[in-house]
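The model shown is predicted, which means the values in this text are computed figures rather than measured ones.
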Amino acid sequence: MAHAIRHSDTTPEQAIRALARQHGIVAERTATDAMADTITHLSGDEVIYDEIEDLVVTMRRKGIITSEQATALYGDYLESA
């Protein structure tokens, strides 16, 4: 499904940024995201901010992409890192 969004001549990161830009999306963090970060930190784990993850989540929350597309796009991004 992500392949319908991503062209073979772009990296997953480039495709995610382009899709977000096309729809005027910027990475947004909610109060729930902040709470999850706090819980993660308090449990002793490191919290690492990932703008690409936040872009994918924001596009999903706004209905720009489906859950399946979000999973595929982010999976492609992680595999390329």
**Prompt:** Given R17 and I52, is the side chain to side chain contact (heavy atoms under 4.5 Å, CB included) satisfied, shown in steps?
**Reply:** CA-CA 8 Å; R17 288 186 185 280; I52 299 302; 3.7 Å; yes

**Request:** Show your reasoning for whether salt bridge (charged side-chain N to carboxylate O under 4.0 Å, His left out) applies to E28 and K62.
**Result:** CA-CA 11 Å; E28 296 176 359; K62 294 187 178 273; 3.6 Å; yes

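The nearest pair of heavy atoms linking A15 to T10 is CB-OG1, 3.9 Å. Considering all non-hydrogen atoms of both residues, Q14 and D9 come closest at OE1-O, 4.4 Å. Scanning both residues, R60 and S67, for their nearest heavy atoms gives NE-OG, 2.8 Å. Contact between L73 and I65 at its shortest, heavy atoms only, is CD1-CD1, 4.1 Å.
Rounding to the nearest 0.5 Å gives a distance of 8.5 Å between CD of Q69 and CG of L19. Taken from CZ in R61 to CD1 in I25, the straight-line distance is 12.0 Å, to the nearest 0.5 Å.
Between the side chains of D37 and T40, no donor N or O sits under 3.5 Å from an acceptor N or O.
Placement of I39 and V57 in two distinct hydrophobic clusters is found when ILVMFWY residues are connected by side-chain heavy-atom separations under 4.5 Å, directly or transitively.
Remark: T71 engages no residue in a side chain to side chain contact (heavy atoms under 4.5 Å, CB included) (not counting sequence neighbours). Considering only residues two or more places apart in sequence or on other chains, H41 meets the side chain to side chain contact (heavy atoms under 4.5 Å, CB included) condition with V47. Residues passing the side chain to side chain contact (heavy atoms under 4.5 Å, CB included) test with A27 are Y49, E51, D54, L55, sequence neighbours excluded.
The closest side-chain heavy-atom distance from I16 to M59 is below 4.5 Å.
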